[in-house]
Every structure is written in C-alpha cells, then in structure tokens.
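Working notes, beginning with the structure itself.
Since the model is a prediction, treat every value here as computed from it, not as a measurement.
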Amino acid sequence: MEHLKGLNQKQREAAVHKDGPLLIVAGAGAGKTKTIVHRVVNLILSGVPPEKILAVTFTNKAAKEMRERISAAIKEMSRGILDTGERPFVSTFHSLGVHIIKENTRILGLSRYFSILDEQDSGALIKESLKELDLDPKQYEPRKIRSIISREKGKFTRLEDYRERENHTLGRIVAQVWDLYERKKTKEQALDFDDLLLKSVKLLKENEEIRRLYQERWQYIHIDEYQDTNEVQYLMSRMLAENNENICVVGDSDQLIYSWRGANLKNILSFDKDYPNTKVVILEENYRSVGNILKAANMVIKKNKYRPDKNLFTKNIEGEKIGFYEALDEGDEADFVATKILEIQDSCANSARAGSLSVRARTALPLGSSACETPRLGKLAQLSEVAILYRANFQSRALEEAMLRYNIPYQVLGVKFFERKEIKDTLAYLRASLNPESLSDIKRILNFPTRGIGKATLAKILSKDTENLPEKMKEKIKKFNAILEEIKNKIMQERASAVIKFLVKHTGIERELLGGGEEELERLANIQELATLALKYDHLSNGAGIERLLEDAALASDQDSLLINQDNKKEIKDAVKLMTVHASKGLEFKYVFITGLEDGLFPTQRNGEIKTAEDAEEERRLFYVALTRAKEKLFLSFANFRTIFGSRQINTPSEFIGDISPNLLEIEKEKNKIKTIYI
C-alpha cells in the first residue's frame, strides 16, 4: 500500500477505515490533516468516486490546504491513468451553507445574488435597528446584542422561543432588535453568517427530498475540528450522514476554545453515543514540538476534568527549556520580547560581522534576510517563524511600540484587507448592481464618489419615495442607477478582474482618489490590489467570478487576511506575527512568546462575572493551544504592573505558570537583555 507510506500505526489505522463512523481524537501537532488526506485517497483507491466525498473544516486556510493536498495526492496516484478531473468537495461550514442555499434559492425565496453580511455589516444593521426603536446604541452595545443573537441562532433557537424564555429587560430589548434586524435583512435580500448555516439546515430538516439528494451526493463525510461545532453545525453533520453513517470526525476536546461562539463539548464527547458502532482512533504522537514543550502542555491540560485521557508524546529532541521572564510592566515586557528576538538573530554563525557594530546599529539591519545558526536556539531563517501571542487585543499596543523602537518588521493578524473602507466600498458597488434590494450597500456608495445627494434625499431613495424630488436630483439618481446597470452588464460579460478595473474608472472612484493626497493614493492602490486578487476568479464566466469573489470576501477570516506593517503600511512577507491566542489556532511557529500571563488577564476574569468551572477549563485549554503552537522554543512572560483602562494594576503571576514544573523553566534575567545604545 504505497500511498500509506509515512503514516504511523494509528494514522494508518484511521486512513484504512472505510465504512461506518470513525472518531479520530487528534492531539496538537499529531498530523490530523495528513491522516484525513490519506483517508480520502484510500477511499478513492477503494472505488469511491471523488465527488462522493465531502470534507468540512472551519477556516478558509485549512480548507485550501486540505483541498490542495488532496488534489496533489490524486494527481500523484493517477500516474498513467486518466484523471477524470473530479475532486472531493472541500469547504468550510459557511461555504457549504452558501453552496446549498444557492442551489435552492427558489425554494427559499431568495435571489441568487443575495448579499452576505460580514460582521461589520451585521453590526451596522443592528445599530440601525436600535435607533429605529429609539434605543441608545451607547447604552445597548450593538456588538453585544449581535453576539447574543448569533449565539442563540447557533443553538437553533427560534425568536419566538427566545422572547418567551428571556422575559426580562435586556431579553425583551434583544428580541425587539432581533425581530427588526431579521425584517431588514429579508427586505434587503441579505443573510448574515448564522443564516448561512440556519437556512441550509432548516432546508435539510424540512425537505426530505432535498436532504436525500445531498445524502446521495456525499456518501463519505469528514468533519475537521469537530470539537468546535455548535448545535446547527452538529445538526448539519447528522442529517448529511444519517443515511449510511459513513462519517469521520476529527477533533480534540483539549483544543475547544470557542464555547463563547456556541461550540459544544458534548458533540465530540458523545460522538460514540450518537453512532454506537464508532471506531475510535487516538493520535498521540506529536510531530511539531520538542519534548520539553510537550511535557509542559501535558502538565497544564491534565488538570482539566472534562476530557478523554490522552498524553501527547514525541520522538523529537528534548529541546531547550522554556524561557520565563518577570517584567516590571508592559513596557519592560515588550522590551524583553523585542530584544530577545534580536538576541536570537544576533546569535547566528555570522555574528562576527555583526559584532563589530553597536547594538543600535544592529537594530537597523534588515532582519531575517538570511538563514543563521545559533549555538543554542537553532536556525532562524525568517522573522515569520516568530509569533507573539496575547490574551486580549489591547496588549498589542506596547508590543507594537517595541517592534517599531527596535526596527523589527511585524504584522498584526486581524487587520483584514476586505475590511478596509475603500475595498468595502468597491464590493458594495458589485453587490448593489447584482442585488438592487441591498439598501445598505446603496446607502454606502450613493455619495462615493461625491454626488451631492443629501440626507433627506437619501431617506427618500431608501424608502423608494422619489416621485416628488426635484428634476435635477432625479437626474442624479437616474445616472447612479445607470452606473449600477452597466456594472451588472460587465459582470455578466467580462472577467472578474476587468470588472473591477471598469468599476473604478466608470464610477469616478479613480478620479476622486487621484485628486487627493498620499492617503487617497494608498486607497486607490488597495483597490488596484483587489483587481489583482480578482485574477484568480477570471476562469469563471457569466458572472460566477464576481459572485465567488463576493462570497470569499464576506467569509474571509482573520487568518485569510492580507497583513500590513503597521508603521509604513507596506505589505511585507517576512515579519514577526502578533496575534491573540484565539487567532493562533491551527498555526505553528519555531519561536513563540506568550505574554501577559497574569491572573485576571490570562486566565481572564471579567468584572462582575462569576467564573464557572467550564470557564476555567476553557481558559486552560486556551493556554494549552498557545503552548502547542511552538515547535522549538517557547517564552512565557508576565508583568508585575500593567495599565488597563487608564488604571495601573498590581498583578500576580498566572496560575498556569505554577502548573509547569520548575525543572522545565529557565529564568530570563535582566542582564541577558540587549540594551539600546544611542550613538
């Protein structure tokens, strides 16, 4: 069995299992993607048509990697045999929802070109709903209300049931906003992220013919990161697999960190009860991290009670001890991180050349430009091999300032290309041209570029009451509608990249931005980058390219972002990564710094909220995820003092630090830091 070479015994056991339910409990770095790919290949070699196979994961990045690896494996194994070109359907849950909805828009009463609201768009519509209900958005935060609605929809809760259950002040307000929000979306032919799952699941649940169609289409189902599924995703998986139960789920209860999004631990813990004939395979061999990092991770996670017993091991070397730094405050902590990165860089084999320079001069050298060997810390070929993790976004400020101070290129994960104003404006033109009912998009672009249309006129346009407007204003509106119609015609006739180029010229966006300053020119460059990005959709015809672009833009996650250097705004590839621990899920780096390890911050404690046992276990799982991102070297740090919301706080070290044996820790002392000397 040539195609199974390179798998360990447990991976092979999972890969060759064909019929019936399969639960793969895969520890961090245990090669789960590799196992799934080999399982898919084995199914195809055993006679299962590729198009009968479905694989679902949570991020576009993970789906793209799996899709590419499966495609490459199919090409490799079909040497000398005609490749039919058919491939398994690999997507995220939300993309799968879009696929099912678009194939059934007539039944659902939707336009094929319905709009997909991203988080910003949803928040704006909820804020608008609050105002229409004479409720103050400052008192009732739209983001919080949106989060409540999203969580309830993820539980498959109906508005009527929520209204009856939550009969208190906040509950009644949420129900009012929820009701108006849903009506607004219906009017605009728009769906939010939760609707993509809800509507597709309701369709499967209520229409037996359609359910059987998809059960027949996908006879072998794979669900990645099963521990992160909520009630709706669980129901989708169950209904698709109920016909023959050929379902393989992969997950790790130790890495469930999204309960606040509705992820339900019982889904993976009860899998063998849902499917009594389940085969269980546990992958415990870690290929990512050195021994000391894994020892620390096992020590931390074993304190959790709600987990099946497993113990990660590795054949990798023991590696360096875990660096531990006690900082005076957040500024000192950030300085430690920055200077430690320089120290790693400066410890390379060619340090003799750098040794003749002052430290200040060295900080000005381009970092990560060549591979370097350090006596203790191995090889640092690129700064992108370094990650700085934190529990809360506000922590990035001090760290960013240190990166700038020491001239270290960096990127903050979460700065989304598709969330930039000029990109959202351009995409709004595309959506409005395809979906004239999308009043939110029309509102956004009506005066971009400036057309001299005031708020009173805008209100009449949105309410479709334009008969009594002055003729001059009617003419402006007529020209605007004509532009949208021309864009729609181009979408149906031209390639996606050509449509973007036409749009930016024909709408007057290019002319307006060219007449501005440096910031406007940068915005124009970003729109031009969108046209470049659209090239990947040029092979799709009859509007399908723009349709796919809009879909991908709406569903882009933090890890799909185009990241920028926060200092000079130029896009760079080789840079230290800054991100929250949540954003780091699924990623790995040679060097990892986990900062802010203070009680109340990590593990977090929100004011006025009672911490439950489940909350405590989730925080511990989050720390476990952070630890297991590191391959070769790990640094932990905490600050005795930290300024939060303008108040200087005295801190005690996180309880998590005490979970790790002192034998695995190496104290990073002040004297080891490189000092900045100004010359």
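- With respect to the salt-bridge test (charged N to carboxylate O, under 4.0 angstrom), the residues R183 and E132 do not qualify.
- Note on E475 versus K479: no salt bridge recorded, every NZ/NE/NH1/NH2 to OD/OE distance being 4.0 Å or above.
- Side-chain contact check for R87 and S71: at least one donor-acceptor pair (N or O, by modelled atom type) lies under 3.5 Å.
- Put simply, the side chain of Y226 reaches to within 4.5 Å of the side chain of T229, judged on heavy atoms.
- Counting heavy atoms from C-beta outward, I527 and L513 have side chains that approach closer than 4.5 Å.
- A salt bridge between K52 and E216 is present, with a side-chain N of the basic residue lying under 4.0 Å from a carboxylate O of the acidic one.
- Side-chain atoms of S150 never come within 3.5 Å of backbone atoms of S147 as a donor-acceptor pair (strictly under, hydrogens ignored).
- The distance from atom OH of Y113 to atom NZ of K488, rounded to the nearest 0.5 Å, is 7.0 Å.
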Residue pair S122, Y181: steps toward the side-chain hydrogen bond (donor to acceptor under 3.5 Å, both in side chains) verdict: CA-CA 9 Å; S122 296; Y181 172 61; 3.3 Å; yes
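- How far CD of Q528 is from CG of L530: 10.5 Å, rounded to the nearest 0.5 Å.
- No donor-acceptor contact under 3.5 angstrom links the side chains of E437 and S111, judged on distance only.
- When all heavy atoms are compared, the tightest approach of I223 to I221 is CD1-CG2, 3.9 Å.
- Under a 4.0 Å N-O distance rule, the pair D252/K32 does not qualify as a salt bridge.
- Counting non-hydrogen atoms of other residues, nucleotides and ligands closer than 6.0 Å to NZ of K144 gives a total of 12 or fewer.
- The shortest side-chain heavy-atom distance between M236 and L197 falls under the 4.5 Å cut-off.
- Between atom NZ of residue K187 and atom OG of residue S440 there is a gap of 10.5 Å, rounded to the nearest 0.5 Å.
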Residue pair M66, D224: steps toward the side chain to side chain contact (heavy atoms under 4.5 Å, CB included) verdict: CA-CA 10 Å; M66 193 179 294; D224 192 15; 4.1 Å; yes
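- With hydrogens and angles left out, the side-chain atoms of Q227 and E225 include a donor and acceptor closer than 3.5 Å.
- Scored by the side chain to side chain contact (heavy atoms under 4.5 Å, CB included) test, K202 finds F156, E206 as partners (sequence neighbours excluded).
- Side-chain atoms of K184 and S129, non-hydrogen and from C-beta on, do get closer than 4.5 Å to each other.
- Looking at E529 and R420, no side-chain N of the basic residue comes within less than 4.0 Å of a carboxylate O on the acidic one, giving no salt bridge.
- Evaluation of the side chain to side chain contact (heavy atoms under 4.5 Å, CB included) rule for N104 yields I100, I107, L203, I210, Y214 as partners, not counting sequence neighbours.
- Between D121 and K424 a salt bridge is recorded (basic side-chain N to carboxylate O distance below 4.0 Å).
- A donor and an acceptor atom, one from each side chain of N435 and Q189, are nowhere located under 3.5 Å apart.
- Put simply, the side chain of L96 does not reach to within 4.5 Å of the side chain of S200, judged on heavy atoms.
- For the pair E188/S115, no side-chain contact is recorded, criterion being any heavy-atom separation below 4.5 Å from C-beta on.
- Remark: H222 pairs with no residue by the ring pair (Phe, Tyr, Trp, His ring centres under 6.0 Å) rule, at least two apart or across chains.
- Counting only heavy atoms from C-beta outward, the side chains of K585 and D228 approach each other to under 4.5 Å.
- The aromatic rings of H582 and W260 sit perpendicular to each other, their planes meeting at more than 60°, with 30° as the lower class boundary.
- At least one cation-pi condition fails for K185 and F114: the charged atom is not both under 6.0 angstrom from the six-membered ring centre and inside a 45 degree cone around its axis.
- Taking the six-membered ring where the residue is Trp, F89 and H99 present tilted rings, their angle falling between 30° and 60°.
- A donor-acceptor pair is defined here as one N or O able to donate and one able to accept, closer than 3.5 Å; no such pair exists between the side chain of D179 and the backbone of Q176.
- Partners of E494 under the side-chain hydrogen bond (donor to acceptor under 3.5 Å, both in side chains) rule, at least two apart in sequence or in another chain, do not exist in this structure.
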Chi angles and distances behind the side chain to side chain contact (heavy atoms under 4.5 Å, CB included) call for E551, E547: CA-CA 6 Å; E551 179 185 323; E547 199 177 338; 5.8 Å; no
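- More than 12 heavy atoms of other shown residues, nucleotides or ligands fall within 6.0 angstrom of atom NZ in K476.
- Considering only residues two or more places apart in sequence or on other chains, R146 meets the salt bridge (Lys or Arg N to Asp or Glu O under 4.0 Å) condition with none of them.
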Residue pair V177, L133: steps toward the side chain to side chain contact (heavy atoms under 4.5 Å, CB included) verdict: CA-CA 8 Å; V177 175; L133 293 166; 3.9 Å; yes
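- Using modelled atom types, no side-chain atom of R523 and backbone atom of E519 make a donor-acceptor pair closer than 3.5 Å.
- Note that the CG atom of D425 and the CG atom of L430 stand 11.5 Å from one another [nearest 0.5 Å].
- K505 and E510 are joined by a salt bridge, as a carboxylate oxygen and a charged side-chain nitrogen come within less than 4.0 angstrom of each other.
- In terms of the side-chain hydrogen bond (donor to acceptor under 3.5 Å, both in side chains) criterion, K131 has no residue partners (sequence neighbours excluded).
- A salt bridge is defined here as a Lys NZ or Arg NE, NH1 or NH2 lying under 4.0 Å from an Asp or Glu carboxylate O, and R143 with E119 fails to meet this definition.
- The local environment of NZ in K478 is sparse, with at most 12 non-hydrogen atoms from other residues, nucleotides or ligands closer than 6.0 Å.
- Within a 6.0 Å sphere centred on CZ of R511, other residues, nucleotides and ligands contribute 12 heavy atoms or fewer.
- T92 contributes a side-chain N or O that, together with a main-chain N or O of S95, makes up a donor-acceptor pair within less than 3.5 Å.
- Under the 3.5 Å distance criterion, the side-chain polar atoms of D538 are matched with a main-chain donor or acceptor of S497.
- Under a 4.0 Å N-O distance rule, the pair R69/E65 qualifies as a salt bridge.
- The shortest distance between side-chain heavy atoms of L22 and R39 falls below 4.5 Å.
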